[in-house]
Amino acid sequence: MSNTPISEIPGIRDTLRASFRKGLTRPLEWRKHQLLQLARMLQENVDVFAEALHKDLGKPKFEAYAYEIGVMIERSVDSAKRVDEWAKPVVVDAQDWQRPMQPTIHKAPVGTVLIIAPWNYPLALTLQPLLGAIAAGCCAVVKPSEIASHFAAALAEKLPKYLDSNAYRVVLGAVPETTKLLELQFFYTGNGRIARIISVAAAQHLTPLTLELGGKSPVLVDPSFDVTIAAKRILGAKMQNGGQLCVSPDYVIVPRTHQDALVSALKNAYAEFYPQGSLVSDSISRIVSPDHHSRLMDLLNRSKSEVVVGGRSEGNKKIELTVFKDVQPEDSLMEGELFGPFLPIVPVDSIDEAINFIRDRDHPLALYAFTDDPKIKQRLIDETLSGAIVFNDVVQQLAFNNLPFGGVGPSGYGRQSSKYTFDTFSYERSGIDVPKEAEPFLAARYPPYNEEKLKIMGATVHIPIPASS
Ligand code: NAD
């Protein structure tokens, strides 16, 4: 399918803005219908989408159903069920004399929004923000990644058959097409380099933005936790989408004395998951593009660390799951987010060193720790910061509809998933409604000011301040 002609983009934007002004997307029943239509689009075309994901990423049907299409059907239906509650105005507490003025937060849709999606989980990361935008009562332009081109084409074909085109449109293309739309409030999922470019555009238009970015998510493995289970959980999740997942475990930190036990448990898990080796397994997605493959091969070739599992490559889209030990902080594998099937193990001499290693780097999207020691858990909560902190598993946090998902600092800002995406696309508008009967309480604010009025209006100057030590 060809790109959306750039000359058509202003027309698309104007159509959506006009629909928003007319109030098309406001009624809650209409929003619920669109959300359920989104679920129907996915359910009635499940194999069209699964096939497209397979063509783009070699994604196994299991992962397409379990981690993308199924999740989005469930979240669309769930959002339709809960949107009445989310959209209700909230009356907030106030001082006794203010209560009759009904201080209220109204949930206002922010307008027409732009969703810029990445290639790695193309369906989930395009539709999750979209369903939040629908629930919030916004119009939306969706820009799927040009790199996952089969999914993008399938979405562009199916979406208009289910959703109202006066409110929701798919734009196909890359940088020029996206740039044309950057004056809309947007929701970007992708990498920090492009996020910096589009943040500049947002500043020019004073446009609010949400950035869902990536980075290196570390895993701490403490000897107090069963090493066989830790190895299975790490390796199982590491290979989701061929390691091309924003919250993939990027590297492992382990006490030096425990490294060999971990390596041996990882080798056992590898043999169990991929008896014929990971290169020939059909339970693994491939590397998305030859460019990404070359970047990973460059890291592999420059690495000075010892390979303990894997290390081979085939063609320009396949690399074996590869585990490295004794990785030094300056090794090529530690340069940036790996986003592929490599798992470096960094040995440390103490928990203090492990915590400092994490603190010395950017706040990650996720911090994982396998430990049964409550003191270590508490230290990690108190002494580090990350989008999510997960004990004794990896990636599992994505399955919770009611936990916010997002990064902090270089891993992004803004949050998503279910109500959190609704909130992202809603403006919390403050409101009060002052009855005329309140006039006697307000009389003291009018000029001319005098001592008696000062006593009333300035009384807070004299409120008692509680003792503290
Ligand atoms: P990508 O190359 O597909 O780019 C993402 C989007 O940006 C695409 O739609 C692309 O067309 C658009 N784009 C590219 N250049 C642009 C420009 N100059 N102006 C405007 N738009 C532009 O995907 P990617 O960035 O390589 O994705 C991988 C990254 O995304 C990783 O860092 C990963 O961690 C991160 N990620 C984060 C999350 C999250 O939810 N936090 C989820 C998935 C991926």
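Computed over heavy atoms, backbone and side chain alike; hydrogens, waters and symmetry mates excluded. Indexing begins at 1, ligand by ligand and atom by atom, following the structure's order. Quick caveat: nothing in here was measured; it's all calculated off a predicted structure.
Here the heavy atom of the protein found nearest to atom 21 (N) of ligand 1 is Thr178 CG2, 3.5 Å. In this structure, the protein non-hydrogen atom closest to atom 26 (O) of ligand 1 is Trp119 NE1, 3.1 Å. For atom 12 (C) of ligand 1, the closest heavy atom belonging to the protein is Ile116 CG2, 3.8 Å. If you check which protein heavy atom lies closest to atom 32 (O) of ligand 1, you get Glu337 OE1, 2.7 Å. Distance from atom 20 (C) of ligand 1 to its nearest protein heavy atom, with residue and atom name: Ile198 CG2, 3.4 Å. For atom 27 (O) of ligand 1, the closest non-hydrogen atom of the protein is Pro118 CB, 3.7 Å. Protein heavy atom nearest atom 7 (O) of ligand 1, with residue, atom name and distance: Tyr188 CE1, 3.2 Å. Here the protein heavy atom with the shortest distance to atom 3 (O) of ligand 1 is Ser145 OG, 2.6 Å.
Close contacts between ligand 1 and Leu125 involve ligand atoms 42 (C), 43 (C) [criterion: under 4.0 Å to a heavy atom]. Listed by number with element, the atoms of ligand 1 under 4.0 Å from a non-hydrogen atom of Lys143 are 8 (C), 9 (O), 10 (C), 11 (O). Counting atoms of ligand 1 from 1 in the listed order, those under 4.0 Å from a heavy atom of Phe405 are 39 (C), 40 (O), 41 (N). Shown in contact with Thr189 at under 4.0 Å from a heavy atom are these atoms of ligand 1, numbered in order with element: 5 (C), 37 (C), 38 (C), 39 (C), 40 (O), 42 (C), 43 (C). Counting atoms of ligand 1 from 1 in the listed order, those under 4.0 Å from a heavy atom of Gln416 are 40 (O). For ligand 1 and Val175, the ligand atoms under 4.0 Å from any heavy atom of the residue are 15 (N), 16 (C), 17 (C), 18 (N). Every atom of ligand 1 with a heavy atom of Gly214 under 4.0 Å away is listed here by number and element: 34 (O).
Sorted by first and then second residue, the pairs that involve residues 233-253 and meet salt bridge (Lys or Arg N to Asp or Glu O under 4.0 Å), not counting sequence neighbours, are Lys216-Asp250.
Only side-chain heavy atoms of Phe339 come within less than 4.0 Å of ligand 1; its backbone N, CA, C and O stay farther off. Residue contacts with ligand 1, taken as heavy atom pairs separated by less than 4.0 Å, involve Ile147 solely via side-chain atoms from C-beta onward. In Leu365, the part holding a heavy atom less than 4.0 Å from any atom of ligand 1 is the side chain. Under 4.0 Å from ligand 1, the heavy atoms of Ala117 that appear belong solely to its backbone. Only the side chain of Glu146 comes within 4.0 Å of ligand 1, judged by heavy-atom distances.
Using modelled atom types, one finds no donor on one side chain facing an acceptor on the other under 3.5 Å when comparing Arg40 with Gln43. Between the side chains of Gln259 and Asp326, at least one donor N or O sits under 3.5 Å from an acceptor N or O. No side-chain donor-acceptor contact under 3.5 Å links Gln396 and Tyr368. No donor-acceptor contact under 3.5 angstrom links the side chains of Tyr251 and Asp331, judged on distance only. If you check the side chains of Ser19 and Asn166, you find no donor sitting under 3.5 Å from an acceptor. Counted by atom type alone, Tyr420 and Asn401 present zero donor-acceptor pairs between their side chains at under 3.5 Å.
In this structure, the side chains of Val254 and Val346 stay at 4.5 Å or more apart for every pair of heavy atoms.
Lys143 forms no cation-pi arrangement with Tyr188, by the criterion of a distance under 6.0 Å to the ring centre and an angle within 45° of the ring axis.
Each of Lys81, Lys88, Arg82 was compared with Glu85 under the salt bridge (charged side-chain N to carboxylate O under 4.0 Å, His left out) criterion, and only Lys88 meets it.
Between Phe422 and Trp86, the ring-plane angle classifies as tilted under the 30° and 60° cut-offs. Ring geometry, Tyr67 versus Phe62: the interplanar angle exceeds 60°, so the pair is classed perpendicular (tilted spans 30 to 60°). Using cut-offs of 30° and 60° on the angle between ring planes, the pair Phe187 and Phe425 is tilted.
Looking at Gly192, Gly190, Ser289 and measuring to atom 29 (C) of ligand 1, the nearest heavy atom belongs to Gly190. Comparing heavy-atom distances from atom 13 (N) of ligand 1 across Leu181, Ile194, Leu213 singles out Ile194 as nearest.
In terms of N/O distances under 3.5 Å, ligand 1 is not approached by Asn120. Below 3.5 Å of separation, one finds an N or O of Asn191 facing an N or O of ligand 1.
Nearest heavy atoms, Phe342 versus Leu333: CD1-CD2, 4.0 Å.
Annotation: side-chain contact (heavy atoms from CB on, under 4.5 Å) contacts of Ser386 (sequence neighbours excluded): Pro364, Leu367, Ile389.
Contact between Glu177 and ligand 1 is absent, with no heavy atom of the residue lying under 4.0 Å from the ligand.
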